[in-house]
Structures are given as structure tokens and as C-alpha cells.
Amino acid sequence: MSKLQNHTHDGQAPGRQTRDRSEPRFPGGPVADPAGSHHERRIRSFQPRRSRVTTGQGDALQRLWPLWGFEIDGHGVLDPAEMFDGLPVVLEIGFGMGEATAQMAAADPGTGILAVDVHTPGQGNLLGLAERNGLSNVRVANGDAIILLREMLVPGSLDGMRVYFPDPWPKKRHHKRRLIQPEFLTLAAKCLKPGAVLHCATDWEPYAEQMLDVLSAHPDFENTQEDGGYAPRPAFRPLTRFEGQGLDKGHVVNDLLFRRVG
Ligand SMILES: C[S@@+](CC[C@H](N)C(=O)[O-])C[C@H]1O[C@@H](n2cnc3c(N)ncnc32)[C@H](O)[C@@H]1O
């Protein structure tokens, strides 16, 4: 049974899931394991962070999580089209504070954005931005995107995927924690529709080179660029917070746009 069916039986809005209230995460409660206790993934692409949740973010989480929040718990099947009433759906992995996500949602109300991160202040920030800007096409998921792709999403259900400025993990001994690896691409390909585009961007040039290598070598993806290289920055991608910090340090930003073949 899909998540949607579950919720409809509970009398809740389609595609929306409330938290387990026995484990409060927001002000006053413990922080849940973002990878989900039943689904340990030893090598994680994110840093555990204990950032402070502001009053505004906490308020947004309390009020809006039951409406627009989604817990990646590894249980059940999630059909994004049901979550967004039939809109095409793009998955954004690692939205950070969510400013760029909200801008893209406002610019394209005909596309649903399923935005995933483990960062609680960012989740609250994005929910608040969605409310203030009257956005009905954003849902916020808490947890490890790998578990969402591997265990929950209906195969071939996504119209696109965005990974903007994933943690670069610059030290060699941490390279195994980088998100964009062949195994990740296989999971991404499983969830993307044929022809759907995976859009990555990074300001860390060695990581950009690695992305280009693994994407070019993967049998399920083809470069949208005839010269086989990086793509010009698409006009629809706003400057992200992390990108701005990289540009301040003189970093070069590269975009990669690869199409799911098949
Ligand atoms: C460097 S930040 C970039 C944030 C934002 N895209 C930007 O450009 O400002 C990377 C984000 O990805 C998130 N992240 C990394 N791995 C993740 C995963 N496996 N699942 C969900 N979020 C992840 C981190 O928590 C972090 O917020």
C-alpha cells in the first residue's frame, strides 16, 4: 500500500505524513537519527550538525511539518505524483537552508519539488519560506536521500533530480563519503523517468571532475552537452547559499546536466 493510500485512510491530505508524536524532534524533544534507526548506512554523505533552531524555524516546523513534512523512515512506498496531485516532480537532495529551493518552486508552480535534507533548521526555514510565499508545490523530507531512493520511491517516478553543492569532502580519506558515486547513480537512475535530467553543481573542482567521470561512465546516463563537458549554468538555477560562499573564496562553479537514457 502506498503512503498516499495510508494517509487517505487516516483522513489526512494526500501525500502528507505526520511525525510519530512519540518521538518529538522539534524544540523540547530529542533529535531523531536522520538515517532512520532501522536502516543504518555506515558511510554517510552528510555531517551530523547540531545547529540551533530559531524561534521562527521552530514555529514553522511545529505548524507546517504535519502538512508538508515527510519522514524518510524506510517504510512503505512513496509515489511522488500522488504527493503532488499529478504534477511532475523533481527531487532536490541537500537543500541546505532552502532559499534556492523556494525560488525555483515560485518560478515553476507547475512542478512539485520534493526537497530532502537532514538539517533541521533548514527544514524549518524552507517550510517558513513556502508559507510566506504561498507555495503549494514544495514538500520537505527529513532523512537520508539514499534511503528514500533505495527503499521508498516508486521506480521511474521522478521527472528530474537536483544535487546542488553536495558536501565536497575534500580530504582523500573522506572521498568515499561523496554522494555522487556509481552506486548513487544506479539508485538515481532507478527512480528517474527515461529522459529525466539529473542536475549537479559544485564549486569544488576535483569533485566536479569526479562527477563528470562517473556520470560519463555510467550506462544509464548521457551528457546533455555534445562536447561531453560541463554545462553552461542554466538560468533557472538561482545562486545558492553554499555557492555564494564558494564564489567569495574564488572557487569555480561547474554545472553538470545528464539525461537518464532508456
Ligand atoms: C554543502 S550543503 C549545500 C546546501 C545547498 N544545496 C546550497 O547550495 O546552499 C549540502 C547539504 O546536503 C545535505 N546532505 C548531504 N548528504 C545528504 C543525504 N544523503 N541526504 C539528505 N541530505 C544530504 C547536507 O545536510 C547539507 O545540508
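Read the numbers this way: they start at 1 and go in the same order the structure lists the ligands and their atoms. Quick caveat: nothing in here was measured; it's all calculated off a predicted structure.
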Looking at [X], which atoms of ligand 1 are within less than 4.0 Å of one of its heavy atoms?
X      : answer
Thr240 : 7 (C), 8 (O), 9 (O)
Ala145 : 18 (C), 19 (N), 20 (N), 21 (C)
Arg241 : 9 (O)
Phe242 : 1 (C), 3 (C), 7 (C), 8 (O), 9 (O)
Gly143 : 20 (N), 21 (C)
Asp144 : 18 (C), 19 (N), 20 (N)
Tyr164 : 3 (C), 5 (C), 6 (N), 8 (O)

Side chain or backbone, does [X] bring an N or O within less than 3.5 Å of an N or O on ligand 1?
X     : value
Ile93 : no
Ser45 : yes
Gly94 : yes
Glu92 : no

Looking at [X] and [Y], what are the two nearest heavy atoms and their distance?
X      : Y      : result
Pro166 : Ala201 : CD-O, 3.4 Å
Leu87  : Gly110 : CD2-O, 3.4 Å
Phe84  : Arg139 : CZ-CG, 3.3 Å
Met97  : Asn125 : O-ND2, 2.8 Å

Self-check item: Single hit among Leu78, Val140, Asn142 for side-chain contact (heavy atoms from CB on, under 4.5 Å) with Phe70
Solution: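 Only match with Phe70 under side-chain contact (heavy atoms from CB on, under 4.5 Å): Leu78.
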
Exercise. Supply the atom-to-atom distance His251 NE2 to Thr202 OG1, rounded to the nearest 0.5 angstrom.
Key: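 Output value for this atom pair is 9.5 Å.
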
Exercise. Just go through Phe95, Phe46, Phe165, Phe184 and tell me whose heavy atom is the nearest to atom 3 (C) of ligand 1.
Key: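 Nearest option to atom 3 (C) of ligand 1, by heavy atoms: Phe165.
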
Quiz item: Heavy atoms only: which of Thr101, Thr120, Asp117 is nearest to atom 11 (C) of ligand 1?
Solution: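 Among Thr101, Thr120, Asp117, the closest heavy atom to atom 11 (C) of ligand 1 belongs to Asp117.
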
Practice problem: Tell me, please: is Gly244 in heavy-atom contact with ligand 1, that is, under 4.0 Å? | Solution: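 No; Gly244 lies far enough from ligand 1 that no heavy-atom distance drops under 4.0 Å.
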
Exercise. Could you walk me through whether Phe95 and His119 pass ring-ring contact (aromatic ring centres under 6.0 Å, His included), step by step?
Key: CA-CA 9 Å; Phe95 60 81; His119 188 45; 8.6 Å; no

Exercise. Decide, yes or no, whether a salt bridge links Asp255 with Arg233 under the criterion of side-chain N to carboxylate O below 4.0 Å.
Key: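 No, Asp255 and Arg233 are not salt-bridged.
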
Quiz item: Can you say whether the rings of Phe165 and Phe242 are parallel (under 30°), tilted (30 to 60°) or perpendicular (over 60°)?
Solution: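 Rings of Phe165 and Phe242: tilted, as their planes differ by 30° to 60°.
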
